[in-house]
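In what follows, every chain begins at residue 1, and chains take the letters A, B, ... in the order their sequences are listed.
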Protein chains: 2
Amino acid sequence: MAEPVRATPPTTLLPVILAALEEDIVFGRLHPRERLIEEEIAARFGATRHTVRQVLVELERLRLIERIPNRGALVKAYSPAEVQQLYALREMLETQAAALIPLPLGDDALAPLHALQRRHAQAVAASDARAVFRADLAFHRALYAHCGNVFLAETIEELGQRAQVIRYASLRSQASMEWARDQHAAMLDALRDGERDTLVTLCAAHFHPARQAYLSQHPALLS
Amino acid sequence: MAEPVRATPPTTLLPVILAALEEDIVFGRLHPRERLIEEEIAARFGATRHTVRQVLVELERLRLIERIPNRGALVKAYSPAEVQQLYALREMLETQAAALIPLPLGDDALAPLHALQRRHAQAVAASDARAVFRADLAFHRALYAHCGNVFLAETIEELGQRAQVIRYASLRSQASMEWARDQHAAMLDALRDGERDTLVTLCAAHFHPARQAYLSQHPALLS
DNA sequence: GTCAACGGGATTGTCGACAAAATCATCGAC
DNA sequence: GTCGATGATTTTGTCGACAATCCCGTTGAC
């Protein structure tokens, strides 16, 4: 149990619980292999068990938990080999997507990206991990939306969500967050100036520190 | 409504309904945009509405239907542009996966693939569309399992499932099914002989006819 | 001492019924 | 004749309660 109950309007508790549990997992307040008990969660949020159940289904779809019939839900754990493979695939997809974005990107398209970049930078400045998390997600989604392939963009986002647990290991350090911020800025410059190679390189290397951090922090996850 | 009720043990109706609806959609007995009504389905299979509801959630996860809050579930439709993009991504991923499979593949690994190939060939010979469908799926899953990246294999399979609705447009013709069968055989030869270029080319071109068939059959899906 | 059967408590799964929302046909105003 | 409101009907969403299953500590036999 990590956070106190949050006062909310009587209906639509579902998205609140979903976001809360998502963050609990991503920020490591719930550890890999930890069990999620429906009734506990229901009590925490003042919701019915039915609502919690739907949230768990959704978390399973996001691959943040695993649900075993009659046994309950566990926070998913990734072995080092899986981390390597997941990141290899992400690198492949994001490289391809970066190669597909039409360059240079016009101001109409750049403006929203700059806005998201500012939001991210502000969150970093405020050391607000939760805001950094959300802003980073939004920035990458907006970036890859320009690759011209809805399914590629969707797949990249899904894999990003799956990697959130891993990524957070690096989000913890202020230095890493600042590094990501500067990389985002460099990406925007490359988009503006039409520097394809720079962009592709930036996208490919963007998440290496996260992988490293996770592997060094969880040396014993050889399940 | 397409099929009669099937007598089954009292419990675990869920997978039965899931498989039935999946085939109804893939084989075009349920058309794009057609509405799936919970109570009708429940009555057809003698299940409770709760069970049907879970099936619909699962079908949504497979991207075969779309569920709109308070409005119900619709069979998903793809616009020509989406079909192009989906197939472009599949081609990219399957090409990469084919490039990652260690060659030549040993007999231990080839034997199960040959078995699946035989199953597929028999289904084609019997003109059993349902069996062809399942066998084709199993063959490709087993093939790409050798690429060494679980997530890549999973993603390929998911995109394949999403494309099933489209793919079936070509599965209809006996000639197309025989063509697929011969391509599978050629893939196995390339795997055995270590002919990387042949394999990659085969994998990349494997589903072109399906895309063409879908686009020519649904010219008006420009939603 | 080990292991298998057993039971109490905890946890998940399913059901029937009711509530909320959307759809559709009808009706009236302009 | 078209358009917008109104109410009945269809359809989906949610709830509380009960059933099934699993977990785990205990007991007893060998």
Side-chain angles (χ1 to χ4, degrees), chain A residues 1-2 5-21 24-25 30-77 223, chain B residues 1-2 5-21 24-25 30-77 223:
Chain A
M1 289 292 92
V5 179
R6 229 150 112 186
T8 45
T11 50
T12 60
L13 260 183
L14 197 148
V16 176
I17 303 178
L18 180 61
L21 289 184
D24 280 350
I25 295 171
L30 290 171
H31 302 355
R33 311 245 167 228
E34 187 165 346
R35 213 168 145 199
L36 297 174
I37 293 177
E38 297 178 356
E39 211 148 358
E40 277 181 14
I41 300 169
R44 165 144 86 105
F45 293 96
T48 70
R49 207 153 59 78
H50 294 281
T51 308
V52 174
R53 193 162 254 271
Q54 288 181 62
V55 170
L56 293 182
V57 168
E58 190 63 19
L59 286 173
E60 186 183 33
R61 203 184 62 79
L62 295 174
R63 324 271 191 145
L64 290 176
I65 66 172
E66 205 169 351
R67 263 157 55 88
I68 304 167
N70 287 319
R71 303 267 234 93
L74 305 175
V75 177
K76 210 162 181 178
S223 69
Chain B
M1 294 291 92
V5 179
R6 231 149 111 187
T8 45
T11 50
T12 61
L13 260 182
L14 197 147
V16 175
I17 303 177
L18 179 61
L21 290 183
D24 281 349
I25 295 172
L30 290 171
H31 302 352
R33 311 245 168 227
E34 186 164 347
R35 208 165 149 204
L36 297 174
I37 293 174
E38 296 178 355
E39 211 147 358
E40 278 181 12
I41 300 169
R44 165 142 87 107
F45 293 95
T48 70
R49 208 153 60 79
H50 293 281
T51 308
V52 174
R53 192 162 253 271
Q54 287 181 61
V55 171
L56 293 181
V57 168
E58 190 63 17
L59 286 173
E60 185 183 32
R61 201 183 63 79
L62 295 174
R63 323 274 190 144
L64 290 176
I65 66 172
E66 205 169 351
R67 262 157 56 87
I68 304 167
N70 287 319
R71 302 270 232 91
L74 306 175
V75 176
K76 209 162 181 178
S223 69

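Between I37(A) atom CD1 and dC22(D) atom C1' there is a gap of 12 Å when expressed in whole angstrom units. Between Q54(B) atom CD and dT14(C) atom C1' there is a gap of 9 Å when expressed in whole angstrom units. Following rounding to the nearest Å, E38(B) (CD) and dG16(C) (C1') show an atom-to-atom distance of 15 Å. Between the CD1 atom of I68(A) and the C1' atom of dT12(C) there is a distance of 13 Å, given to the nearest Å. Rounded to whole Å, the distance from CG on L74(A) to C1' on dC22(D) is 14 Å. With rounding to whole Å, E39(A) atom CD is found 13 Å from dC18(D) atom C1'. Following rounding to the nearest Å, L13(B) (CG) and dT14(C) (P) show an atom-to-atom distance of 11 Å. To the nearest angstrom, P of dA10(C) lies 18 Å from CD1 of I41(A).
Counting non-hydrogen atoms under 4.0 angstrom, L56(A) reaches nothing in the nucleic acid.
The listed nucleotides are dC15(C), dC22(D), dT14(C); the one nearest the side chain of N70(A) is dC22(D). The nucleotide whose nearest atom lies closest to any side-chain atom of R49(A) is, among dT12(D), dG13(C), dC23(D), dG13(C). The side chain of R67(B) lies closest to dG13(D) when the candidates are dC15(C), dG13(D), dT14(D). Out of dG13(D), dG13(C), dC15(D), the shortest distance to the side chain of R53(B) is found at dG13(D).
For the atom pair CG (L59(A)) and CG (D24(A)), the distance works out to 10.0 Å, reported to the nearest 0.5 Å. Expressed to the nearest 0.5 Å, how far CG of L74(A) lies from NZ of K76(A) amounts to 11.0 Å.
Each of R35(B) and R35(A) has a nearest nucleotide on DNA chain D; the 5'-most of these lies closest to R35(B).
Looking at heavy atoms from C-beta onward, R44(B) lies in side-chain contact with L21(B) at the 4.5 angstrom threshold. Under the 4.5 Å side-chain criterion, counting only non-hydrogen atoms from C-beta, Q54(A) is in contact with L14(A).
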Could you go through residues 62-72 of chain A and list every donor-acceptor pair under 3.5 Å that involves a side-chain atom there, pairing it with any protein atom two or more places apart or in another chain?
| residue | atom | partner | partner atom | Å |
| --- | --- | --- | --- | --- |
| R63(A) | NH1 | E154(B) | OE1 | 3.0 |
| R63(A) | NH2 | E158(B) | OE2 | 2.2 |

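Between R71(A) and the phosphate of dC23(D), there is a side-chain N or O to OP1/OP2 separation shorter than 4.0 Å. In this model, the phosphate group of dG13(D) is not approached by any side-chain N or O of T51(A) to a distance below 4.0 Å at OP1 or OP2. Contact between the side-chain N/O atoms of T48(A) and the OP1/OP2 oxygens of dC15(D) is found at a separation under 4.0 Å.
Using a 5.5 Å limit on the distance between ring centres and a 30° limit on the angle between planes, the aromatic ring of H50(A) does not count as stacked on the six-membered base ring of dT14(D).
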